[in-house]
Structure formats: C-alpha cells, structure tokens
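Data first, discussion second: the structure below is written as structure tokens.
Note that this is a predicted model, so its numbers are computed, not measured. Per chain, numbering begins at 1; letters A, B, ... match sequence-line order.
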Amino acid sequence: MGHLSSTELIDVMEGVAPPDARQHAARCAACQDTLARLEQVQRLVAGVEVPDPSPLFWEHFSARVRETIAGEPRSGFAAAGGGWIGWRAARYALVAALAVGLVAVALDLGSRGGGPAGTNPVAPAVASIAVPGATPQAATGSVAPEDASLDLVADLSEDMNWDQTADAGMMVRAGSVDSAIARLSASERTALAKLLEAQLGHTSS
Amino acid sequence: MASRTDQVWTGGMRPGWTVTVVQREAAEQPVDAAAPESRPLAELDDAALVALCVAGRREAFDPIVARHRRNVYQLCYRFAGNHEDASDFAQEVFLRAYRGLRSFKGQSSLSTWLYRIGVNVCLNRVSLKTPPVGPLDESHPVADRTEGQGERLLRDERAAIVRAAIAKLPRKQRATLILRMYHDLPHRDIAAILGSSVGAVKANFFHAMGNLKRLLGSEPL
C-alpha cells in the first residue's frame with residue numbers, strides 16, 4: 001500500500017478511516033508526519049473564536065430582518081435575482097404606464113376640445129385596460145378600437161390574471177390614474193402628452 | 001398493538017372470511033393534534049414554520065431567524081472578519097432565505113440551506129472587499145476575566161494572524177475549512193452546500209490545512 005491519499009489522511013485525522021488506512025498510518029513515518037502537521041494546524045485554527053456580540057444585538061438584528069421582510073412581497077413571490085416575476089412585473093408596469101399615458105393624452109385632447117377633462121367619458125374606459133382579466137375587446141371597446149397602441153396593451157395584458165397582478169402590486173384602482181396624472185408636473189404632463197400625441201398620430205396615419 | 005378476531009359479527013360476511021378488528025392503542029393517538037396555525041409559533045419545527053411563511057404568514061419567519069441567527073452570524077463573521085459586515089451579511093442571508101422559501105423543498109435541513117445561502121452571500125460580498133487582515137475586531141468582545149492581559153493580547157494576535165491566513169485561502173478551501181472546523185458540518189452536508197462531491201470536500205479540506213501551514217510559516221503553534 002502506498003502513502004495515504006489526502007482524503008484518507010483526513011479520515012484518519014477524524015477517526016473514521018477504515019482499518020487498513022489506520023494500520024498504514026500507524027507504521028508509516030511520512031504519513032505520521034503529515035498527520036502531525038495537519039493536527040497542529042487544526043488545533044491552531046480551532047482556537048480562533050468569534051467574539052460574541054452584545055446580547056442586545058440579537059433582538060436588534062431580528063427587528064431589522066423583520067422590518068426588511070415587511071417590505072417584501074409574500075414569501076416565494078419574488079425570485080431572488082429576478083426570474084419570471086421580474087418580467088411579469090415589468091410587463092404590468094409597462095401596461096400601467098401605457099394606460100396612464102393614454103389617459104393623459106385623452107384628457108389633454110379632451111381639454112383642447114373645450115370640455116373639462118373631468119367630464120371626459122374616455123378616461124375611465126381607457127383606465128380599465130390595465131385591469132387584468134379584461135378582454136381586449138372590452139378594454140378597447142369604447143375608445144379608438146382601431147388604435148394600434150391599444151392592441152399593444154391588449155397583447156401584453158391578455159395572459160394576466162388578478163392574483164398575479166395583485167401580487168405584483170400593479171393593480172389599478174378607481175381613481176389611481178387620476179391621482180398618478182395629478183402627481184405629474186405641468187412640464188411632465190406636456191412632455192408626456194406630446195410624446196403620446198406624436199405616437200398616436202404616427203399609428204393612425 | 002391489540003387485535004382480536006370477531007367471531008360474532010358475521011352479518012354480510014362470506015363463508016370463510018375472517019374479520020380482523022384492529023384497535024388503536026391510546027399511545028398511538030397524536031398527543032397534540034392541534035393544527036400548526038393554532039399553536040404558538042415558537043413551538044413549531046422549522047418545516048411547519050416554513051409552510052406557514054409560504055402560506056403568507058410573515059410572522060412565522062421570526063422564530064426561524066431567532067433559531068438560526070447565531071449560526072448564520074458566526075458563519076458571516078468567519079468570512080467578513082468584523083462585526084458590522086457580518087451583521088449586514090447575515091441580514092442579507094435571511095432576506096434571501098425569505099424570498100426563496102417557496103423553493104425550499106426540505107431535502108436538506110433548513111440550517112444547511114441557510115448555510116448554503118450564507119456561503120454564497122459571503123463569498124460574493126467578501127470578494128468585493130479587501131481581505132480582513134487587521135487586528136481582531138474589538139467592537140463587541142466578551143473578555144475572559146480570568147485571563148491575564150498579556151495572554152489575551154497574545155491570543156488575539158494569533159487569532160488575527162490565523163484569520164488573515166484563512167482569508168487568503170482559495171474560496172472553496174476557505175468555505176470548506178470554515179464549515180468543517182467552526183460549524184462541525186459533516187463532509188456530506190458541505191458537499192451539498194458547495195455543490196461538490198464528498199471526496200472533493202475532503203481534498204479541499206486537506207489542501208486548506210496544508211496552505212494554512214505554509215501561510216502561517218513559523219508561527220508558534
């Protein structure tokens with residue numbers, strides 16, 4: 001039998017080696033020397049302790065973890081490092097953004113037409129586009145059904161469902177579109193309206 | 001287990017059939033048949049707590065943190081070498097664990113799974129930092145009152161040297177050494193954590209010891 005391999009030496013050091021390996025180690029000076037050096041290092045390494053933190057640290061630590069988790073979706077709904085949920089959430093965000101933008105354009109066009117934006121019947125109809133579960137026909141039925149930009153919204157939202165949307169925090173609620181637009185500055189509204197107006201003009205031409 | 005053959009109840013029986021009535025002993029009844037939802041969380045095992053977390057009860061994660069925080073922190077400290085980073089790393093370990101609880105299938109123990117996350121977090125985060133070669137962290141020491149100051153200084157100095165040497169080991173060797181020496185994990189579990197074979201883990205452990213011997217050179221043992 002030749003000298004013990006690295007794994008056999010570890011087994012001998014840990015007392016789990018088979019009898020033949022133990023017998024070899026007992027009579028081989030070279031293997032005994034290697035084992036002695038291993039055991040020296042083992043003793044040295046084992047003597048290094050981790051300083052115990054203050055007893056108060058543990059409760060603070062648990063509280064910090066609790067706070068961090070409170071901002072998380074329910075366990076398992078967000079894959080670490082992205083994954084399908086990231087793509088889903090991005091799609092929902094895109095649909096919601098498109099819906100908000102379309103409403104902004106509708107309001108802007110409505111106000112240019114002389115009527116007050118708040119009375120424009122287009123807004124709630126477009127807002128319902130972002131609600132998962134709505135069919136493309138229902139979503140687009142009352143406003144510009146020939147509009148290609150709405151087809152994009154319909155395509156993106158066709159395989160959504162309520163649970164996934166709610167879990168992704170992307171549910172559109174009554175009034176949320178209005179409040180989102182209300183938070184835009186005047187210049188942001190103007191810029192958004194121009195962008196979407198240009199896009200609508202492009203797609204309808 | 002008690003059993004008996006009922007010779008009296010023959011109604012509906014076919015000739016030649018024997019009805020065996022098996023009575024459960026009282027000891028076979030569950031001592032506590034209460035559903036996990038109705039028991040204090042601290043009394044539940046890890047598997048039950050994980051199930052509750054996945055079902056949406058965030059508070060079920062608290063006992064998991066309380067049970068495993070010390071081991072996770074110590075693992076992180078072994079890699080980080082200081083309290084602040086160890087605390088941050090440990091927090092990230094639990095956050096990642098919470099996010100991934102649904103993928104935990106119970107094939108290993110929860111602690112082994114947490115060690116796996118911990119090793120990944122530590123190796124990723126430590127590689128972005130300068131290896132800890134400074135003196136032993138003194139921010140939260142628990143002093144040994146019976147130990148003389150000179151002895152303590154010498155011990156701390158040796159510990160700092162050993163930490164610095166461990167920090168210079170290749171990643172898998174370092175992880176193997178830490179898990180084996182300081183967390184007493186079996187080679188099989190280390191292999192599962194590191195995605196290696198048991199033989200590779202033992203070889204890594206051997207080479208880690210050999211490299212440490214070289215790095216420590218003539219340090220008094």
A:Thr34 versus chain B, heavy atoms under 4.5 Å apart: side chain, backbone, both or neither?
-> side chain
Among the options B:Gly199, B:Ala203, B:Ala90, B:Gly210, pick out the one with the most heavy-atom pairs lying under 4.5 Å from chain A.
-> B:Ala90
Mind listing the closest non-hydrogen atom pair of B:His187 and A:Glu14 along with its distance?
-> NE2-OE1, 2.8 Å
Ordered numerically, the heavy-atom neighbours of chain A under 4.5 Å found in residues 169-183 of chain B are B:Leu177, B:Arg180, B:Met181, B:Tyr182
About how many Å separate CG of A:Asp11 and CZ of B:Phe206, when rounded to the nearest 0.5 Å?
-> 12.0 Å
Taking the side chain as C-beta and beyond, is there a heavy-atom pair between B:Phe94 and A:Ile69 under 4.5 Å?
-> no
Point-to-point distance, once rounded to the nearest 0.5 Å, from CG of B:Asn204 to OG of A:Ser6 | 9.0 Å
Which portion of A:Ile10 sits near chain B, non-hydrogen atoms under 4.5 angstrom = side chain
Of the non-hydrogen atoms in B:Lys202 and A:Thr7, which two are nearest, and what is the gap between them?
-> CB-CG2, 3.6 Å
Heavy-atom distance under 4.5 Å to chain B: side chain of A:Gln42, backbone, both or neither?
-> both
Does the side chain of A:Pro51 come within less than 4.5 Å of B:Tyr77's, by heavy atoms?
-> yes
Please state whether the side chain, the backbone, both or neither of A:Leu38 comes within less than 4.5 Å of a heavy atom of chain B.
-> both
Should B:Phe205 and A:Met13 count as side-chain neighbours, where that means a heavy-atom distance under 4.5 Å?
-> yes
So NE2 of B:His83 and OG of A:Ser54: to nearest 0.5 Å the spacing works out to 8.0 Å
Taken to the nearest 0.5 Å, the spacing of B:Arg70 CZ from A:Phe57 CZ works out to 10.0 Å
Give a yes or no on whether the backbone of A:Trp58 and the side-chain of B:Arg69 come within a donor-acceptor separation of less than 3.5 Å.
-> yes
Part of A:Arg64 lying under 4.5 Å from any heavy atom of chain B = both
Heavy-atom side-chain contact between A:Val48 and B:Arg158 under 4.5 Å = no
Steps toward side-chain contact (heavy atoms from CB on, under 4.5 Å) verdict (B:Tyr73, A:Val50) = CA-CA 9 Å; B:Tyr73 169 85; A:Val50 168; 4.2 Å; yes
